[in-house]
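The basis for the numbers below is simple: all heavy atoms, side chains too, and nothing from hydrogens, waters or symmetry mates.
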Amino acid sequence: MSGFKSDLMQVLSERGFIHQASDAAGLDDLAANGPVTAYIGFDCTAPSLHVGSLVQIMTLRWLQKTGHRPITLMGGGTTRVGDPSGKDESRQLLSYEQIEANKLSLRSVFAKFLVYDSGPTGALMIDNADWLGSLNYIDFLRDVGRHFSVNRMLAMDSVKLRLDRDHELSFLEFNYMVLQAYDFVELHRRTGCVLQMGGSDQWGNIVNGIDLGRRMGTAQLYAVTTPLITTASGAKMGKTAQGAVWLNAEMKSAYEYWQFWRNTEDADVRRFLALFTELPMPEVERLAGLGGAEINEAKKILATEATALLHGRTAADDAAETARRTFEEGTLGDALPTIAISLAALDAGVGVLGLFVEAGLVASNSEARRQVRGGGLRVNDTPLADEKATVSAADLVDGTIKLSLGRKKHVLVRVG
RNA sequence: GGGGGAGUGUCCCGAGUGGCAAAGGGGGCGGACUGUAAAUCCGCUGGCGAACGCCUUCGUAGGUUCGAGUCCUACCUCCCCCA
(Lines give C-alpha, C1' and ligand atoms only; values in the text may rest on other atoms or scores of the structure.)
Protein backbone atom coordinates (compact mmCIF):
# COMPACT_ATOMS: atom_id res chain seq x y z
CA MET A 1 0.00 0.00 0.00
CA SER A 2 2.76 2.45 0.90
CA GLY A 3 6.10 2.80 -0.79
CA PHE A 4 5.34 6.22 -2.21
CA LYS A 5 8.14 8.75 -2.49
CA SER A 6 6.04 11.87 -2.20
CA ASP A 7 4.53 13.02 1.06
CA LEU A 8 1.29 13.66 -0.77
CA MET A 9 0.71 10.13 -1.99
CA GLN A 10 2.13 8.65 1.17
CA VAL A 11 -0.27 10.56 3.39
CA LEU A 12 -3.32 10.12 1.20
CA SER A 13 -2.75 6.44 0.84
CA GLU A 14 -2.00 5.60 4.47
CA ARG A 15 -4.96 7.63 5.72
CA GLY A 16 -7.39 5.92 3.38
CA PHE A 17 -8.18 8.68 0.92
CA ILE A 18 -7.39 6.83 -2.26
CA HIS A 19 -9.97 4.68 -3.95
CA GLN A 20 -8.64 4.74 -7.49
CA ALA A 21 -5.75 6.52 -9.18
CA SER A 22 -5.07 6.73 -12.88
CA ASP A 23 -1.27 6.47 -12.66
CA ALA A 24 -0.24 6.44 -9.02
CA ALA A 25 3.44 5.95 -9.72
CA GLY A 26 3.56 8.75 -12.26
CA LEU A 27 1.74 11.11 -9.97
CA ASP A 28 4.00 10.12 -7.11
CA ASP A 29 7.06 11.05 -9.19
CA LEU A 30 5.54 14.37 -10.10
CA ALA A 31 4.55 15.24 -6.55
CA ALA A 32 8.00 14.29 -5.25
CA ASN A 33 9.62 16.76 -7.62
CA GLY A 34 7.70 19.91 -6.86
CA PRO A 35 4.36 21.52 -6.23
CA VAL A 36 1.45 20.00 -8.07
CA THR A 37 -1.74 21.93 -8.73
CA ALA A 38 -4.89 19.89 -8.21
CA TYR A 39 -8.59 20.57 -8.09
CA ILE A 40 -11.86 19.20 -6.93
CA GLY A 41 -15.17 20.42 -8.29
CA PHE A 42 -18.12 21.17 -6.02
CA ASP A 43 -21.72 21.31 -7.11
CA CYS A 44 -23.75 24.31 -6.05
CA THR A 45 -26.94 22.33 -5.54
CA ALA A 46 -27.36 23.14 -1.86
CA PRO A 47 -26.58 26.13 0.35
CA SER A 48 -24.13 24.15 2.41
CA LEU A 49 -21.82 21.21 1.99
CA HIS A 50 -22.43 18.29 4.31
CA VAL A 51 -20.11 15.72 5.79
CA GLY A 52 -20.30 13.69 2.62
CA SER A 53 -18.06 16.29 1.01
CA LEU A 54 -15.68 16.36 3.91
CA VAL A 55 -13.47 13.64 2.47
CA GLN A 56 -12.88 15.80 -0.56
CA ILE A 57 -12.14 18.88 1.50
CA MET A 58 -9.70 16.96 3.69
CA THR A 59 -8.00 15.66 0.57
CA LEU A 60 -7.37 19.22 -0.55
CA ARG A 61 -6.20 20.17 2.90
CA TRP A 62 -3.59 17.41 2.93
CA LEU A 63 -2.58 18.38 -0.56
CA GLN A 64 -1.83 21.88 0.61
CA LYS A 65 -0.11 20.71 3.78
CA THR A 66 2.21 18.51 1.80
CA GLY A 67 3.34 21.42 -0.31
CA HIS A 68 0.96 21.58 -3.25
CA ARG A 69 -1.63 23.95 -4.55
CA PRO A 70 -5.34 23.15 -4.20
CA ILE A 71 -8.12 24.60 -6.31
CA THR A 72 -11.72 24.55 -5.25
CA LEU A 73 -13.71 24.70 -8.43
CA MET A 74 -17.20 25.95 -7.88
CA GLY A 75 -19.64 24.42 -10.32
CA GLY A 76 -21.38 27.69 -11.07
CA GLY A 77 -21.61 26.60 -14.69
CA THR A 78 -22.00 22.85 -14.48
CA THR A 79 -24.70 23.05 -11.84
CA ARG A 80 -26.84 24.77 -14.46
CA VAL A 81 -26.72 21.46 -16.33
CA GLY A 82 -26.85 18.94 -13.50
CA ASP A 83 -24.66 15.91 -12.95
CA PRO A 84 -26.49 12.66 -13.71
CA SER A 85 -23.78 10.51 -12.07
CA GLY A 86 -25.17 8.18 -9.50
CA LYS A 87 -28.69 9.52 -9.75
CA ASP A 88 -31.39 7.53 -11.40
CA GLU A 89 -33.63 10.49 -11.92
CA SER A 90 -32.87 13.96 -13.05
CA ARG A 91 -33.06 16.67 -10.50
CA GLN A 92 -35.13 19.73 -10.71
CA LEU A 93 -33.20 22.42 -12.50
CA LEU A 94 -32.05 25.18 -10.22
CA SER A 95 -32.49 28.79 -11.18
CA TYR A 96 -29.37 30.86 -11.83
CA GLU A 97 -30.18 32.97 -8.79
CA GLN A 98 -30.40 29.88 -6.63
CA ILE A 99 -27.08 28.62 -7.89
CA GLU A 100 -25.40 31.95 -7.23
CA ALA A 101 -26.82 32.08 -3.72
CA ASN A 102 -25.65 28.54 -3.01
CA LYS A 103 -22.22 29.30 -4.37
CA LEU A 104 -21.73 32.26 -2.06
CA SER A 105 -22.96 30.27 0.89
CA LEU A 106 -20.57 27.39 0.17
CA ARG A 107 -17.45 29.49 -0.03
CA SER A 108 -17.12 30.28 3.65
CA VAL A 109 -16.54 26.66 4.56
CA PHE A 110 -13.53 26.18 2.34
CA ALA A 111 -11.63 29.01 4.00
CA LYS A 112 -11.69 27.05 7.25
CA PHE A 113 -9.80 24.16 5.73
CA LEU A 114 -7.59 25.82 3.14
CA VAL A 115 -5.34 28.84 3.03
CA TYR A 116 -6.21 31.10 0.14
CA ASP A 117 -3.34 33.40 -0.76
CA SER A 118 -1.06 34.21 -3.64
CA GLY A 119 1.83 32.03 -2.50
CA PRO A 120 3.00 29.04 -4.54
CA THR A 121 0.77 26.72 -2.54
CA GLY A 122 -2.00 29.23 -1.91
CA ALA A 123 -5.42 27.83 -2.69
CA LEU A 124 -7.48 29.19 -5.55
CA MET A 125 -11.25 29.53 -5.75
CA ILE A 126 -12.42 29.38 -9.33
CA ASP A 127 -15.89 29.24 -10.87
CA ASN A 128 -16.38 27.27 -14.05
CA ALA A 129 -19.16 29.66 -15.04
CA ASP A 130 -16.22 31.93 -15.96
CA TRP A 131 -15.67 29.95 -19.12
CA LEU A 132 -18.72 27.73 -19.52
CA GLY A 133 -21.07 30.68 -19.39
CA SER A 134 -19.74 32.23 -22.56
CA LEU A 135 -19.05 29.22 -24.75
CA ASN A 136 -20.01 29.44 -28.37
CA TYR A 137 -21.94 26.31 -29.24
CA ILE A 138 -20.54 25.73 -32.72
CA ASP A 139 -16.98 26.50 -31.74
CA PHE A 140 -17.28 24.27 -28.72
CA LEU A 141 -18.62 21.39 -30.76
CA ARG A 142 -15.78 21.71 -33.28
CA ASP A 143 -13.01 22.09 -30.71
CA VAL A 144 -14.19 19.79 -27.97
CA GLY A 145 -17.23 17.86 -29.11
CA ARG A 146 -15.39 16.14 -31.94
CA HIS A 147 -13.17 14.36 -29.42
CA PHE A 148 -16.10 12.60 -27.78
CA SER A 149 -17.42 9.31 -29.03
CA VAL A 150 -21.09 8.84 -28.35
CA ASN A 151 -20.50 5.12 -28.53
CA ARG A 152 -18.21 5.39 -25.54
CA MET A 153 -20.39 7.87 -23.71
CA LEU A 154 -23.29 5.45 -23.90
CA ALA A 155 -21.19 2.85 -22.17
CA MET A 156 -20.42 5.12 -19.21
CA ASP A 157 -21.90 4.02 -15.92
CA SER A 158 -23.69 7.27 -15.32
CA VAL A 159 -25.48 6.94 -18.66
CA LYS A 160 -26.00 3.21 -18.60
CA LEU A 161 -27.71 3.32 -15.25
CA ARG A 162 -30.44 5.47 -16.71
CA LEU A 163 -30.72 3.59 -19.97
CA ASP A 164 -30.83 0.18 -18.34
CA ARG A 165 -33.56 1.22 -15.99
CA ASP A 166 -35.55 2.94 -18.69
CA HIS A 167 -35.21 6.24 -16.93
CA GLU A 168 -34.96 9.37 -18.90
CA LEU A 169 -31.61 11.01 -19.45
CA SER A 170 -32.02 14.39 -21.02
CA PHE A 171 -29.66 15.67 -23.65
CA LEU A 172 -28.84 18.45 -21.23
CA GLU A 173 -27.53 16.01 -18.66
CA PHE A 174 -25.85 13.93 -21.30
CA ASN A 175 -23.60 16.92 -21.90
CA TYR A 176 -22.51 17.16 -18.31
CA MET A 177 -19.53 14.87 -18.71
CA VAL A 178 -18.35 16.83 -21.70
CA LEU A 179 -18.39 20.04 -19.74
CA GLN A 180 -16.60 18.53 -16.77
CA ALA A 181 -13.96 17.05 -19.03
CA TYR A 182 -13.52 20.43 -20.61
CA ASP A 183 -13.16 22.03 -17.17
CA PHE A 184 -10.09 19.93 -16.53
CA VAL A 185 -8.48 21.01 -19.78
CA GLU A 186 -9.39 24.63 -19.23
CA LEU A 187 -8.04 24.62 -15.69
CA HIS A 188 -4.84 23.06 -16.97
CA ARG A 189 -4.45 25.89 -19.43
CA ARG A 190 -5.22 28.56 -16.91
CA THR A 191 -3.35 27.29 -13.87
CA GLY A 192 -1.20 24.35 -14.90
CA CYS A 193 -3.45 22.06 -12.93
CA VAL A 194 -2.62 18.42 -13.65
CA LEU A 195 -4.64 16.49 -11.11
CA GLN A 196 -8.35 16.18 -10.56
CA MET A 197 -9.68 14.47 -7.51
CA GLY A 198 -13.22 13.67 -6.46
CA GLY A 199 -15.57 11.07 -5.09
CA SER A 200 -15.52 7.61 -6.58
CA ASP A 201 -18.67 8.38 -8.54
CA GLN A 202 -16.66 10.97 -10.44
CA TRP A 203 -14.16 8.50 -11.85
CA GLY A 204 -15.73 8.40 -15.27
CA ASN A 205 -16.00 12.15 -15.54
CA ILE A 206 -12.42 12.67 -14.44
CA VAL A 207 -10.96 10.10 -16.77
CA ASN A 208 -12.87 11.72 -19.58
CA GLY A 209 -11.05 14.92 -18.77
CA ILE A 210 -7.68 13.19 -18.94
CA ASP A 211 -8.63 11.72 -22.26
CA LEU A 212 -9.79 15.00 -23.66
CA GLY A 213 -6.58 16.60 -22.45
CA ARG A 214 -4.48 14.12 -24.36
CA ARG A 215 -6.46 14.72 -27.54
CA MET A 216 -6.24 18.46 -27.11
CA GLY A 217 -2.56 18.45 -26.36
CA THR A 218 -2.25 19.14 -22.66
CA ALA A 219 0.45 17.63 -20.50
CA GLN A 220 -0.28 14.27 -18.90
CA LEU A 221 -3.17 14.68 -16.47
CA TYR A 222 -3.93 12.53 -13.44
CA ALA A 223 -6.97 11.31 -11.54
CA VAL A 224 -7.44 10.29 -7.93
CA THR A 225 -10.78 9.37 -6.45
CA THR A 226 -11.73 9.00 -2.81
CA PRO A 227 -13.83 6.16 -1.47
CA LEU A 228 -17.52 6.66 -0.89
CA ILE A 229 -17.82 6.90 2.86
CA THR A 230 -20.55 4.83 4.40
CA THR A 231 -20.87 3.83 8.00
CA ALA A 232 -20.00 0.31 9.00
CA SER A 233 -23.73 -0.43 8.96
CA GLY A 234 -23.88 0.55 5.34
CA ALA A 235 -25.74 3.84 5.67
CA LYS A 236 -24.58 6.77 3.64
CA MET A 237 -22.65 9.29 5.66
CA GLY A 238 -24.11 12.61 6.50
CA LYS A 239 -27.78 11.95 6.52
CA THR A 240 -29.62 11.92 9.80
CA ALA A 241 -33.23 12.26 10.75
CA GLN A 242 -32.91 15.99 11.11
CA GLY A 243 -31.53 16.03 7.59
CA ALA A 244 -28.00 16.26 6.39
CA VAL A 245 -25.09 17.00 8.68
CA TRP A 246 -24.31 20.41 7.30
CA LEU A 247 -20.98 22.09 7.57
CA ASN A 248 -22.25 25.67 7.69
CA ALA A 249 -22.42 26.77 11.30
CA GLU A 250 -25.77 28.49 10.95
CA MET A 251 -27.30 25.21 9.78
CA LYS A 252 -25.61 22.93 12.31
CA SER A 253 -24.10 24.19 15.52
CA ALA A 254 -20.65 23.16 16.73
CA TYR A 255 -22.28 21.26 19.56
CA GLU A 256 -24.53 19.27 17.23
CA TYR A 257 -21.60 18.64 14.93
CA TRP A 258 -19.58 17.34 17.84
CA GLN A 259 -22.45 15.06 18.79
CA PHE A 260 -22.58 13.68 15.28
CA TRP A 261 -18.99 12.47 15.51
CA ARG A 262 -19.36 11.36 19.11
CA ASN A 263 -22.02 8.89 17.99
CA THR A 264 -19.77 7.16 15.50
CA GLU A 265 -20.06 3.39 15.41
CA ASP A 266 -17.20 1.47 16.98
CA ALA A 267 -16.24 -0.11 13.70
CA ASP A 268 -15.81 3.28 12.05
CA VAL A 269 -13.51 4.89 14.59
CA ARG A 270 -10.21 4.01 12.98
CA ARG A 271 -11.30 5.00 9.50
CA PHE A 272 -12.84 8.26 10.63
CA LEU A 273 -9.89 9.28 12.78
CA ALA A 274 -7.64 8.80 9.78
CA LEU A 275 -9.90 10.64 7.37
CA PHE A 276 -11.40 13.40 9.45
CA THR A 277 -8.70 14.36 11.92
CA GLU A 278 -5.05 15.22 11.56
CA LEU A 279 -3.79 13.09 14.39
CA PRO A 280 -0.59 11.22 13.50
CA MET A 281 -1.28 7.71 12.31
CA PRO A 282 0.42 5.97 15.27
CA GLU A 283 -1.94 7.88 17.55
CA VAL A 284 -4.88 6.91 15.35
CA GLU A 285 -3.87 3.27 15.64
CA ARG A 286 -3.52 3.53 19.38
CA LEU A 287 -6.96 5.09 19.80
CA ALA A 288 -8.61 2.69 17.41
CA GLY A 289 -7.12 -0.20 19.36
CA LEU A 290 -8.95 0.72 22.55
CA GLY A 291 -11.43 -1.98 23.42
CA GLY A 292 -14.85 -2.09 25.00
CA ALA A 293 -16.09 1.05 26.67
CA GLU A 294 -12.67 2.66 26.32
CA ILE A 295 -13.35 3.25 22.67
CA ASN A 296 -15.57 6.08 23.85
CA GLU A 297 -12.44 8.05 24.68
CA ALA A 298 -11.40 7.68 21.07
CA LYS A 299 -14.80 8.89 19.93
CA LYS A 300 -14.56 11.98 22.06
CA ILE A 301 -11.18 12.77 20.59
CA LEU A 302 -12.52 12.15 17.12
CA ALA A 303 -15.42 14.50 17.82
CA THR A 304 -13.27 17.25 19.26
CA GLU A 305 -10.61 17.05 16.56
CA ALA A 306 -13.10 16.97 13.72
CA THR A 307 -15.09 19.82 15.21
CA ALA A 308 -11.95 21.87 15.77
CA LEU A 309 -11.09 21.69 12.08
CA LEU A 310 -14.43 23.17 11.09
CA HIS A 311 -15.50 25.37 13.97
CA GLY A 312 -12.19 26.11 15.68
CA ARG A 313 -10.53 24.71 18.75
CA THR A 314 -12.42 26.90 21.20
CA ALA A 315 -15.84 25.92 19.94
CA ALA A 316 -14.79 22.28 19.84
CA ASP A 317 -13.56 22.29 23.43
CA ASP A 318 -16.70 24.08 24.46
CA ALA A 319 -18.84 21.46 22.75
CA ALA A 320 -16.85 18.70 24.41
CA GLU A 321 -17.23 20.33 27.81
CA THR A 322 -20.95 20.83 27.31
CA ALA A 323 -21.31 17.20 26.34
CA ARG A 324 -19.30 16.11 29.36
CA ARG A 325 -21.48 18.09 31.73
CA THR A 326 -24.69 17.05 30.05
CA PHE A 327 -23.97 13.35 29.74
CA GLU A 328 -21.50 12.58 32.47
CA GLU A 329 -22.51 14.96 35.23
CA GLY A 330 -26.14 15.49 34.40
CA THR A 331 -25.68 19.24 34.68
CA LEU A 332 -25.99 21.79 31.94
CA GLY A 333 -23.44 23.02 29.47
CA ASP A 334 -23.61 26.43 27.91
CA ALA A 335 -23.28 25.22 24.32
CA LEU A 336 -26.59 23.40 24.40
CA PRO A 337 -29.10 24.79 21.92
CA THR A 338 -31.22 27.45 23.57
CA ILE A 339 -34.49 29.18 22.90
CA ALA A 340 -35.88 32.26 24.63
CA ILE A 341 -39.30 32.83 26.07
CA SER A 342 -40.79 35.95 27.60
CA LEU A 343 -41.39 36.13 31.32
CA ALA A 344 -44.96 37.22 30.70
CA ALA A 345 -45.67 34.13 28.62
CA LEU A 346 -44.04 31.96 31.23
CA ASP A 347 -46.10 33.47 34.04
CA ALA A 348 -49.23 32.73 32.08
CA GLY A 349 -48.17 29.11 31.71
CA VAL A 350 -46.97 27.59 28.46
CA GLY A 351 -48.24 24.32 27.00
CA VAL A 352 -45.46 21.76 26.83
CA LEU A 353 -46.39 20.47 23.41
CA GLY A 354 -45.97 23.86 21.81
CA LEU A 355 -42.79 24.46 23.72
CA PHE A 356 -41.18 21.31 22.35
CA VAL A 357 -42.25 22.32 18.87
CA GLU A 358 -40.74 25.75 19.35
CA ALA A 359 -37.52 24.20 20.59
CA GLY A 360 -37.32 22.30 17.31
CA LEU A 361 -37.21 18.94 19.03
CA VAL A 362 -40.43 17.80 17.36
CA ALA A 363 -42.11 18.94 14.18
CA SER A 364 -45.71 19.29 15.32
CA ASN A 365 -48.02 19.10 18.29
CA SER A 366 -49.12 15.70 17.09
CA GLU A 367 -45.60 14.41 17.04
CA ALA A 368 -45.03 15.82 20.51
CA ARG A 369 -48.16 14.02 21.67
CA ARG A 370 -46.93 10.76 20.26
CA GLN A 371 -43.57 11.19 21.89
CA VAL A 372 -45.23 11.79 25.24
CA ARG A 373 -47.14 8.56 24.83
CA GLY A 374 -43.94 6.77 23.99
CA GLY A 375 -42.17 8.27 26.96
CA GLY A 376 -39.73 10.22 24.86
CA LEU A 377 -40.10 13.74 26.23
CA ARG A 378 -38.70 15.06 29.48
CA VAL A 379 -38.82 18.41 31.23
CA ASN A 380 -35.94 19.01 33.61
CA ASP A 381 -35.16 15.30 33.29
CA THR A 382 -38.61 14.28 34.49
CA PRO A 383 -40.52 12.18 31.97
CA LEU A 384 -43.58 13.99 30.73
CA ALA A 385 -46.70 11.97 31.41
CA ASP A 386 -49.41 14.52 30.69
CA GLU A 387 -49.59 16.11 27.29
CA LYS A 388 -51.76 18.90 28.64
CA ALA A 389 -49.16 19.96 31.17
CA THR A 390 -47.88 23.50 31.19
CA VAL A 391 -44.62 24.93 32.38
CA SER A 392 -44.30 28.15 34.30
CA ALA A 393 -41.73 30.21 36.13
CA ALA A 394 -41.87 27.63 38.90
CA ASP A 395 -40.12 25.18 36.60
CA LEU A 396 -37.08 27.39 36.17
CA VAL A 397 -33.94 25.85 37.58
CA ASP A 398 -31.13 28.36 37.73
CA GLY A 399 -33.01 30.43 35.19
CA THR A 400 -33.48 27.66 32.63
CA ILE A 401 -35.81 24.84 31.78
CA LYS A 402 -34.30 21.78 30.16
CA LEU A 403 -36.31 20.06 27.45
CA SER A 404 -35.17 16.65 26.26
CA LEU A 405 -36.13 14.34 23.45
CA GLY A 406 -34.76 10.91 24.13
CA ARG A 407 -31.47 10.54 25.92
CA LYS A 408 -29.43 12.68 23.62
CA LYS A 409 -31.21 15.76 22.41
CA HIS A 410 -31.56 18.66 24.78
CA VAL A 411 -32.69 22.25 24.40
CA LEU A 412 -32.62 24.89 27.09
CA VAL A 413 -35.38 27.43 27.55
CA ARG A 414 -34.32 30.75 29.00
CA VAL A 415 -36.31 33.81 29.88
CA GLY A 416 -35.52 36.62 27.52
C1' G B 1 -49.88 8.94 -35.44
C1' G B 2 -52.14 3.89 -33.50
C1' G B 3 -52.36 0.16 -29.45
C1' G B 4 -51.06 -1.32 -24.40
C1' G B 5 -49.22 -0.14 -19.33
C1' A B 6 -47.91 3.06 -15.21
C1' G B 7 -48.07 7.51 -11.72
C1' U B 8 -50.33 5.60 -4.07
C1' G B 9 -49.27 8.29 2.59
C1' U B 10 -43.99 14.76 -0.43
C1' C B 11 -37.94 10.11 2.76
C1' C B 12 -37.91 5.66 -0.44
C1' C B 13 -40.01 0.98 -2.23
C1' G B 14 -44.67 -0.87 -2.61
C1' A B 15 -50.20 -3.72 -1.80
C1' G B 16 -54.95 -1.92 -2.54
C1' U B 17 -62.71 -6.24 -4.40
C1' G B 18 -66.46 1.47 -4.09
C1' G B 19 -66.81 2.23 2.83
C1' C B 20 -59.63 3.91 3.51
C1' A B 21 -56.10 7.78 7.41
C1' A B 22 -55.28 3.49 3.20
C1' A B 23 -51.62 -3.60 3.91
C1' G B 24 -46.36 -4.62 4.07
C1' G B 25 -41.17 -3.41 3.87
C1' G B 26 -36.88 -0.09 4.24
C1' G B 27 -35.42 4.35 6.54
C1' G B 28 -36.30 7.53 10.68
C1' C B 29 -37.83 8.76 15.81
C1' G B 30 -38.89 7.01 20.79
C1' G B 31 -38.64 2.96 24.73
C1' A B 32 -35.90 -1.46 26.86
C1' C B 33 -30.82 -3.41 26.99
C1' U B 34 -25.87 -0.85 26.75
C1' G B 35 -20.77 2.35 26.51
C1' U B 36 -24.24 8.91 23.98
C1' A B 37 -21.76 2.25 19.92
C1' A B 38 -23.51 -2.03 17.20
C1' A B 39 -26.91 -6.09 17.35
C1' U B 40 -31.70 -7.48 19.37
C1' C B 41 -36.77 -6.77 21.16
C1' C B 42 -41.13 -3.32 21.72
C1' G B 43 -43.88 1.21 20.28
C1' C B 44 -44.62 5.31 16.92
C1' U B 45 -44.17 7.21 11.92
C1' G B 46 -50.52 13.33 7.99
C1' G B 47 -52.45 18.08 10.67
C1' C B 48 -55.65 20.39 14.56
C1' G B 49 -57.85 18.92 19.19
C1' A B 50 -58.20 17.35 26.44
C1' A B 51 -61.77 14.34 23.92
C1' C B 52 -66.45 12.44 20.75
C1' G B 53 -64.26 14.23 16.53
C1' C B 54 -62.92 17.56 12.50
C1' C B 55 -59.67 18.68 8.36
C1' U B 56 -56.02 17.29 4.47
C1' U B 57 -53.94 13.11 1.46
C1' C B 58 -53.38 8.28 -3.72
C1' G B 59 -50.28 12.68 -11.19
C1' U B 60 -53.97 17.29 -12.41
C1' A B 61 -59.07 19.03 -13.24
C1' G B 62 -63.98 17.76 -13.56
C1' G B 63 -68.07 13.98 -13.17
C1' U B 64 -71.13 9.46 -11.43
C1' U B 65 -72.39 7.83 -6.27
C1' C B 66 -75.13 8.23 0.31
C1' G B 67 -69.84 7.24 -0.20
C1' A B 68 -64.15 7.25 -4.97
C1' G B 69 -57.15 5.56 -4.43
C1' U B 70 -60.73 2.24 -6.59
C1' C B 71 -65.85 3.75 -11.79
C1' C B 72 -66.38 7.69 -16.09
C1' U B 73 -64.29 12.08 -19.02
C1' A B 74 -60.40 15.39 -20.25
C1' C B 75 -55.49 16.76 -19.47
C1' C B 76 -50.11 16.15 -17.78
C1' U B 77 -45.75 12.94 -17.23
C1' C B 78 -43.22 8.32 -17.98
C1' C B 79 -42.60 3.23 -20.06
C1' C B 80 -43.48 -0.72 -23.84
C1' C B 81 -45.12 -2.41 -28.79
C1' C B 82 -46.53 -1.05 -33.83
C1' A B 83 -45.99 2.95 -37.59
**Q** Heavy-atom count check: over 12 atoms from other residues, nucleotides or ligands less than 6.0 Å from A:D398 CG?
**A** no
**Q** Can you check the distance between B:C79 and B:G69, where both ends of the measurement are the P atom (answer in whole Å)?
**A** 28 Å
**Q** To the nearest Å, how far apart are A:I301 CD1 and B:U36 P?
**A** 16 Å
**Q** Could you check which nucleotide pairs with B:G7 in any of the strands shown, counting Watson-Crick or G-U wobble with both distances under 3.5 Å?
**A** B:C76
**Q** Counting Watson-Crick and G-U wobble pairs only, both distances under 3.5 Å, name the nucleotide matched with B:A68, or none.
**A** none
**Q** Measure from the side-chain heavy atoms of A:R407 and tell me the nearest of B:U36, B:A37, B:G31.
**A** B:G31
**Q** Between A:R378 and A:G292, name the one whose nearest nucleotide on RNA chain B is closer to the 5' end.
**A** A:R378
**Q** Generate the contact string for nucleotides 44-57 of chain B. Rules: B means base contact, S means sugar-phosphate contact only, - means no protein heavy atom under 4.0 Å.
**A** SS-SBBSS------
**Q** Kindly indicate whether the side chain of A:V352, heavy atoms from C-beta on, has any atom under 4.5 Å from the side chain of A:L377.
**A** no
**Q** Rounded to whole Å, how long is the line connecting atom CG of A:L384 with atom P of B:G30?
**A** 16 Å
**Q** Just the rounded figure in Å: distance from P of B:A38 to CZ of A:F272.
**A** 12 Å
**Q** Is B:C20 in the syn range, within 90° of 0, or in the anti range?
**A** syn
**Q** Using atom P of each nucleotide, how far apart are B:C72 and B:C82 to the nearest Å?
**A** 28 Å
**Q** Work out how far the P atom of B:A38 is from that of B:G27, and round it to whole angstrom.
**A** 13 Å
**Q** Using heavy-atom distances to pick each residue's nearest nucleotide on RNA chain B, tell me which of A:Q371 and A:T264 is more 5'.
**A** A:Q371
**Q** Calculate, to the nearest 0.5 Å, the distance between atoms CG and CZ belonging to A:L302 and A:R270 respectively.
**A** 13.5 Å
**Q** If the cut-off is 4.0 Å, is A:K409 near the phosphate of B:U36, judged by side-chain N/O to OP1 or OP2?
**A** no
**Q** Is A:T326 touching bases, backbone alone, or none of the nucleic acid, heavy atoms closer than 4.0 Å?
**A** nothing
**Q** Using the C1' atom on both, measure B:C58 against B:G7 and round to a whole Å.
**A** 10 Å
**Q** Rounding to the closest angstrom, what is the interatomic distance between B:G5 and B:G16 at atom P?
**A** 16 Å
**Q** Could you measure between the two P atoms, the one in B:A22 and the one in B:U10, and give it in whole Å?
**A** 14 Å
**Q** Just call it for A:L377: base, sugar-phosphate, or nothing, with non-hydrogen atoms closer than 4.0 Å on any strand.
**A** nothing
**Q** Check for me whether the distance between the ring centres of A:H311 and A:Y255 falls short of 6.0 Å.
**A** no
**Q** So, A:F110 versus A:Y116, ring centres under 6.0 angstrom or not?
**A** no
**Q** Please state how far atom NZ in A:K299 lies from atom C1' in B:U34, giving the value in whole angstrom units.
**A** 11 Å
**Q** Partner lookup for B:A38, please. Criteria are Watson-Crick or G-U wobble with both distances under 3.5 angstrom; report none if nothing qualifies.
**A** none
**Q** In Å and rounded to the nearest 0.5 Å, what is the CZ to CG distance from A:R15 to A:L279?
**A** 7.0 Å
**Q** For B:G43, give the paired nucleotide (Watson-Crick: N1-N3 plus N6-O4 or O6-N4; G-U: N1-O2 and O6-N3; both under 3.5 Å), or none.
**A** B:C29
**Q** Please say whether more than 12 non-hydrogen atoms of neighbouring residues, nucleotides or ligands are located less than 6.0 Å from CD in A:E100.
**A** yes
**Q** Should A:T304 and A:W261 count as side-chain neighbours, where that means a heavy-atom distance under 4.5 Å?
**A** no
**Q** Does B:G1 have a Watson-Crick or wobble mate here (both distances under 3.5 Å), and if so which one?
**A** B:C82
**Q** From CD of A:E256 over to P of B:U36, roughly how many Å is that when rounded to an integer?
**A** 20 Å
**Q** Select base, sugar-phosphate, or nothing to describe what A:R262 touches, counting heavy atoms under 4.0 Å on all strands.
**A** base
**Q** B:U36 P sits how many Å from A:R325 CZ, rounded?
**A** 19 Å
**Q** In the strands shown, is B:C58 matched to any nucleotide by a Watson-Crick or G-U wobble pair with both distances under 3.5 Å, and which?
**A** none
**Q** Can you tell me if A:K408 touches the phosphate of B:A37, counting only side-chain N or O atoms and a distance under 4.0 Å to OP1 or OP2?
**A** yes
**Q** About how many Å separate CG of A:D268 and NZ of A:K299, when rounded to the nearest 0.5 Å?
**A** 9.0 Å
**Q** Let me know the distance between CD of A:E328 and P of B:U36, rounded to the nearest Å.
**A** 8 Å
**Q** Distance check, C1' atoms only: B:G26 and B:C44, in whole angstrom units.
**A** 16 Å
**Q** How far, in whole Å, is B:G28 from B:G4 if one measures between their C1' atoms?
**A** 39 Å
**Q** Return the value, rounded to whole Å, for the distance between atom CD of A:Q259 and atom P of B:U36.
**A** 11 Å
**Q** Once rounded to the nearest 0.5 Å, what's the spacing between atom CG of A:L309 and atom CZ of A:F276?
**A** 11.0 Å
